[in-house]
Amino acid sequence: MASSSESERKEPVNEQMVANMYGALRSELNQIYSKITELEMEVSEHSLVISAIEPLDPSRRCYRMIGGVLVERTIKEVLPAVQRNKEGLEEVISRLNEALEKKKKEISDLEAKYKIRIRKPDGEAKEEDSGRKEGAAQGVLVGPASES
């Protein structure tokens, strides 16, 4: 009898550990997503800078922020550095995408192993439906009636 009561105590703890592990994996997945988004924005900014300074005269001076210090350089010096930085960011994004796929697989394996399903509380679904109805009514504009 003592062994059966011990196994009953371990089961909720095990479920809690699985839930904690699943939550941690989901949190890591969200962090990877946000980092990829941040780096993609930086790549976009680098592309804008490259497209803006490429057609200009290479001997023209430009300013670049390096470690919080604004330095004066020529376009000839800055353009290759910006292009290298962009390529490095793209490489980091590809590595993060690989890590993202591994994390997704790890989460799906955990979901399959422990039969984890995410369900929304009923209250949220009802609130979303009522929010849509209110949003549709807010877009209506009624003018004064004409006297003709």
For this session: Using the rule that two of Ile, Leu, Val, Met, Phe, Trp, Tyr join whenever any of their side-chain heavy atoms come within less than 4.5 Å, decide whether Met41 and Leu39 are in one cluster.
Result: no

For this session: Could you list the residues that satisfy side chain to side chain donor-acceptor pair (under 3.5 Å) with Glu91, not counting sequence neighbours?
Result: Arg95

Validation: residues 83-90 side-chain donor-acceptor distances under 3.5 Å, sequence neighbours left out:
unit_1, atom_1, unit_2, atom_2, d
Lys86, NZ, Ser47, OG, 3.1

Problem set entry | For Val49, all residues meeting side-chain contact (heavy atoms from CB on, under 4.5 Å), sequence neighbours excluded | Ile53, Val82

For this session: May I ask you to check whether over 12 heavy atoms, not counting those of Met21, lie within 6.0 Å of atom CE?
Result: yes

Exercise. Is there a chain of hydrophobic side chains (I, L, V, M, F, W, Y, each step under 4.5 Å between heavy atoms) that links Ile93 to Ile50?
Worked result: no

Problem set entry | Contacts of type side chain to side chain donor-acceptor pair (under 3.5 Å), residue Lys105, not counting sequence neighbours | Asp109

Seminar exercise, completed: Value for CD (Glu101) from CD1 (Ile32), rounded to nearest 0.5 Å, stands at 10.0 Å

Exercise. Could you state the interatomic distance from CD1 (Ile36) to OG (Ser94), rounded to the nearest 0.5 Å?
Worked result: 9.5 Å

For this session: Quick one: name the residues clustered hydrophobically with Ile66, using the 4.5 Å side-chain heavy-atom rule over I, L, V, M, F, W, Y, and just say none if it's on its own.
Result: Val69, Val71

Problem set entry | Partners meeting side chain to side chain donor-acceptor pair (under 3.5 Å) with Glu72 (sequence neighbours left out) | Arg61

Exercise. Are Leu29 and Ile118 connected in the hydrophobic side-chain network, where two residues link if heavy atoms are under 4.5 Å apart?
Worked result: yes

For this session: Supply the atom-to-atom distance Ile107 CD1 to Leu110 CG, rounded to the nearest 0.5 angstrom.
Result: 8.0 Å

Exercise. With a cutoff of under 4.5 Å between side-chain heavy atoms, which Ile, Leu, Val, Met, Phe, Trp and Tyr residues group with Leu48?
Worked result: none

For this session: List for me each residue that meets side-chain contact (heavy atoms from CB on, under 4.5 Å) alongside Arg60, sequence neighbours excluded, and say none if there are none.
Result: Leu56, Asp57, Ile75

Problem set entry | Of all pairs that satisfy side-chain hydrogen bond (donor to acceptor under 3.5 Å, both in side chains), the ones with a partner from residues 20-37, not counting sequence neighbours | Gln16-Asn20, Tyr22-Glu111, Glu28-Lys103, Tyr33-Lys104

Exercise. So how far is it from Arg73 CZ to Leu79 CG, rounded to the nearest 0.5 Å?
Worked result: 14.5 Å

